[in-house]
Every structure is written in structure tokens, then in C-alpha cells.
Amino acid sequence: MTAEGPLLPGATLGVLGGGQLGRMFVLAARVMGYATVVLDPDPDSPAGRLADIHLKADYGDAVALLRMGSLCQAVTTEFENVPAASMRMLARHCRVAPDPSALAVAQDRLEEKHHALASMCDTAPFADIDTESDLDAAWQAIGAPALLKTRRLGYDGKGQVRVGSRDELSAAFIRLGRVPCLLEGFLPLEREVSVVLARNTEDAVAFFPVAENLHRHGILDMSIVPARIPEKLAQRAREMAAHLARELDYVGVMAVEFFVLRDGRIVFNEMAPRPHNSGHYTLDATACDQFQQQVRALCGLPLGDGRLLSPVVMVNLLGDAWAPEPAWLELLRHPGVHLHLYGKSEARPGRKMGHYNCLAPSLEEALDLARETRARLGID
Ligand code: AMP
């Protein structure tokens, strides 16, 4: 039986996935007085270790899903590639957000782009490639330079290859495993920005400030907030993100990534149906953070205040910085640094181990603090 009305502290909330996003959701929920259940096969998962109950089973395990559905009044997910069938199964027993249909859109770059266009967002020019026979038409439509991206399961720059000629396109399609792809025009980027927002069942939308994101080897490296873009562009980004959330009838926290082009245009890149790495600055720098907001949206509560309280720069800590263990004292001697570690025992290159937020009275000082601490940790 699905609960109606707001779910108040004391209720039990579940999350599919036990990574760092699940962990920060669990922390927020527990602080707010909710009990928590995590479903993740990894016995050592970052979220599972902090939850009241950790169901150690696969995401498609019917018995575990039934148990989760009977324990929880509401369930969310921390990653988009959770089987839609599992969410549907859970939806028979408890409230589920986001809706499985919104997850399905976010799992597929082509679907995402169609919904973005329907929501008045510009996108990079793109052509759909199902099989080798589509390559000629796609190349004619897009041409060089271009990026070939898998429609599914791409993240952190994985599942994409830059192509400069028709021959390279054939080679890239083979390299990506001949799976359905998109060929995208390679745009002249000036900056990358993202909007994290929350929408609840009453159609209220709350925004967090626009973040400017710097990547390294395809992985988010730093977020700078507020983004160094004109307010008119920031406003346009918020509007596009809100249109998309409404078009999907989305309930929960979602992130939308945009490209700011050298000619001043702003175009949709992709969405994530969950809190986002580029929203981790909210843990220390906004009145309500993205995980508290996720709890509120899931529980059908009024949304919190996402107002920025301080300029902030978020620095990601990848496993590469663990050889040897980072010099924490060098970092923590700065009063403006707020450290978040995800409790992962094994540090591998490229693995997200934690992040820290640098707060300062001005953005320039926050950037200086980020640069100085990175250098001391040997990140640069
Ligand atoms: P994605 O996985 O789509 O977010 O792409 C990873 C990164 O590749 C982005 O953060 C951009 O830096 C770059 N990128 C992706 N698509 C384009 C594009 N159409 N034009 C230029 N750069 C792109």
C-alpha cells in the first residue's frame, strides 16, 4: 500500500545503491530522524555501513526488493542505471521517486535529448546510430569534428570517442562495441555549468546556485560557485532545467549539465536523475543541501532553501591522490576547508574517494584556497 501525504520523521526511507550518493542521502535522512534501508550487493558499501538495515543483494533480487518494499514507506535511487523493473516492483509496495519512466529517459542519451528539445533546451547537433548502415547519414549530418557517444551506460567521459573523419567514425563505432550510439557535433565550449534542482509532488521547484564545473580526464575535478557567467545565462539555465523537470513530471533531486559556448549560447548536455557530484558544495555552502532536499522531495515535504551562504569551491578527491595517503593535516589546518570522505577502503586511480569544500568571503579567496590545498595534497 503506497502512503499518501507527507512522510514525517520516524518513517523508513530506502535507497537503491550504496555508493557515496546513497551514503550522503542516508546521513541526511538519519539526521532528520528517518530510519534508512540500503540495497546494495557490496557488503562493504559506503551507504550500507551507515544505514539501519543493509540488504546485501542484487538490484534485481525479487526477495530483497519485496523486503525493502515492506520495510520502507518510500524508496529512491542513487544511480540511473538501476533496473526500471526493480523500481516498478517497489512501486507496488511503497512510494518511489523518481518515477521509473524518468529514470528510463536518463538512461538513454537519445531519449534525454528528445526530452530536452521538447523542453525548449538547445542541444548539440546529433544523429542517431543504431547499426553500421546509419554511419554514412550520421556523418553527412554532423561532420567533423564530432563525438561518438554510446546511448547507454556512458559516464565520466567513458563510452565516447572523438572522431575527425569518416574512417575514424567506423573505427570508433567498432571500438565502442557496435552498440547504439549518438554522433554529436563537437562544440566550442567556453565553460561547463550545472543546475541542481528539486521538484516535489506539489510542483514546487527549488534551485541550487549554478555551478561552474572543471573536468580532468573526463571526471569532475572542481566546482566553482557561483558560476562565473552572466546572471542572464544562469537564469536561462535554471529555466531550462525546470522545464525539463516539469516535462518529465520529475519528483526528486535532479542535475542538468549545460555547455556555455564561445558565442554566448547555452546548450543542454545531459541530466542525472539524482543528486550530483557538482552539487556537493551544497553540503557546506547552502542553507539546505542537496541530500536534505532529496529527503524532503521524496517525503512529499515542502522544499528547503537552497540559497548560497558563502562563495565555495569544491575539490574532488580521487584515488590517485592516495599514494601515499593524503596529508590531511595540511588540508584541515585551514578553517575554511570542509572535508567529506566516503569511507571507501580501497583507493584506485579515478575512484571518487571524497571531496572538500573551500569556503571564503570571496570567490577569489575560495579559489586560492582550493589551489593552495590541491598543491599541498599533490593533486596538481
Ligand atoms: P558527457 O559524458 O556527455 O558529459 O561528456 C564528457 C565531457 O566531454 C563533457 O564534460 C565535455 O567536456 C566534453 N563534451 C561532451 N560532449 C561535447 C560536445 N558536444 N562538444 C564539446 N565537448 C563535449
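A quick note: this is a predicted structure, and the numbers were derived from the prediction, not measured. For ligands, and for the atoms within them, numbers begin at 1 and follow the listed sequence.
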Please determine if Glu270 has a nitrogen or oxygen closer than 3.5 Å to a nitrogen or oxygen of ligand 1.
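Checking ligand 1 against Glu270, an N or O pair does fall under 3.5 Å apart.
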Nitrogen or oxygen of Leu189 less than 3.5 angstrom from that of ligand 1:
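No.
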Candidate with minimal heavy-atom separation from atom 9 (C) of ligand 1, of Glu192, His215, Glu184
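Heavy atom nearest to atom 9 (C) of ligand 1 belongs to Glu192.
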Nearest candidate to atom 2 (O) of ligand 1, where distance is taken over non-hydrogen atoms, out of Gln160, Glu257, Glu112
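Result: the heavy atom closest to atom 2 (O) of ligand 1 is in Gln160.
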Do the two ring centres, one from Tyr281 and one from His355, sit under 6.0 Å apart?
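Not under 6.0 Å, so no.
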Would you please test Lys56 and Asp40 for salt bridge (Lys or Arg N to Asp or Glu O under 4.0 Å) and show each step?
CA-CA 5 Å; Lys56 302 176 193 74; Asp40 188 304; over 6 Å; no
Assess whether a salt bridge exists between Asp128 and Arg151, defined as any Lys/Arg side-chain N lying under 4.0 Å from an Asp/Glu carboxylate O.
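Here Asp128 pairs with Arg151 in a salt bridge, since their nearest N and O are under 4.0 Å apart.
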Which atoms of ligand 1 sit under 4.0 Å from any heavy atom of [X]?
| X | answer |
| --- | --- |
| Leu187 | 18 (C), 20 (N), 21 (C) |
| Lys149 | 3 (O), 15 (C), 16 (N) |
| Leu147 | 14 (N), 15 (C), 16 (N), 17 (C), 18 (C), 23 (C) |
| Arg109 | 1 (P), 2 (O), 3 (O) |

Just by distance, do the side chain of [X] and the backbone of [Y] share a donor-acceptor pair under 3.5 Å?
| X | Y | value |
| --- | --- | --- |
| Glu168 | Val163 | no |
| Arg238 | Val195 | no |
| Asp58 | Asp61 | no |

4.5 Å side-chain heavy-atom contact, Leu318 and Pro349:
no
Within 45 degrees of the axis of the six-membered ring of Phe259 and under 6.0 Å from its centre: does Arg191 put its NZ or CZ there?
no
Taking only non-hydrogen atoms of Gly185, do any sit less than 4.0 angstrom from ligand 1?
yes
Which is it for Asn213 and ligand 1 at heavy atoms under 4.0 Å: side chain, backbone, both or neither?
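It is neither part, as no heavy atom is under 4.0 Å.
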Is it the side chain (CB and beyond), the backbone, both or neither of Arg162 that lies under 4.0 Å from ligand 1, heavy atoms counted?
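The answer is neither.
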